[in-house]
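Every number for a ligand or one of its atoms is a count from 1 in the order of the listing.
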Amino acid sequence: MRETIRQLWPEIDWIDDFQLREQVTETWVRALERSPLTAEDLNRIPFTLLVPDCPITFMEHKRCVVHIAHDSAQAMQEFMGRALPVNIDTVIAGAILADVGKLLEYELGPDGKSRQSERGEALRHPFTGVALALECGVPDAVCHVIATHALEGDLVKRTTEAFIVHHADFMAFLPFKNPRNIKLKP
Ligand SMILES: [Fe+2]
């Protein structure tokens, strides 16, 4: 199972702290063990149920968000780190774990398509994601990123790391959710 996680998430190796790397890996192992979805499903199902016929897979979206968040965190550290320190490990781990709870939120319908399960309706993935991560010893600063990355987080004062992951996630989602409806010359 750990090898499967390594293949899904080469970005886990970007995390400097050995212990955090282990905690992130273990969270994904437990999520896959308890999920009706397989690793293959993650490379096939759309990343969101909110966009009809979404062309981007779960893993394509998740990995893109991790890359955006990582690069943004580095730029902020380089130009503004003197006044606004950013913990890069927390950003990477938070971005990798932000949607891990979707493995407990989704199920496969009889048509093979993903849909929200009854549990998922009651407990969206920020909640199940935090539950899984805490079980694996993931620190509060990273759990905060998971908890606040989506709309629920608008009610919470986000840390800098949580802002970065939240915006990375939404910039890779909103153009699909709300495509432009006016014609602009390129
Ligand atoms: Fe999410």
Quick one: side chain to side chain contact (heavy atoms under 4.5 Å, CB included) partners of Arg115, sequence neighbours excluded?
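For Arg115, the residues satisfying side chain to side chain contact (heavy atoms under 4.5 Å, CB included) (neighbours in sequence not counted) are Glu107, Pro110.
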How many N, O or S atoms of the protein are nearer than 2.8 Å to the Fe ion (ligand 1)?
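Protein heteroatoms (N, O, S) closer than 2.8 Å to the Fe ion (ligand 1) number 3.
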Atom CD in Glu105, atom CG in Leu49: separation rounded to 0.5 Å?
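Rounded to the nearest 0.5 Å, the CD-CG separation comes to 7.5 Å.
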Just so I know, are the side chains of Thr159 and Thr148 near enough to count as touching, which here means a heavy-atom distance under 4.5 Å?
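No, too far: nothing below the 4.5 Å cut-off.
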Quick test of your reading: applying ring pair (Phe, Tyr, Trp, His ring centres under 6.0 Å), list the pairs with at least one residue in residues 44-78, sequence neighbours left out, ordered by first then second residue.
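Residue pairs with at least one partner in residues 44-78: Trp14-His67, Trp14-His70, Phe47-His61, Phe47-Phe176.
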Any salt bridge linking Asp89 with Arg21? Criterion: basic side-chain nitrogen under 4.0 Å from a carboxylate oxygen.
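Arg21 and Asp89: not salt-bridged.
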Name every donor-acceptor pair, under 3.5 Å, that has one atom in a side chain of residues 162-171 and the other anywhere in the protein, sequence neighbours excluded.
{"residue": "His166", "atom": "ND1", "partner": "His149", "partner atom": "O", "Å": "2.8"}
{"residue": "His166", "atom": "ND1", "partner": "Arg158", "partner atom": "NH2", "Å": "3.4"}

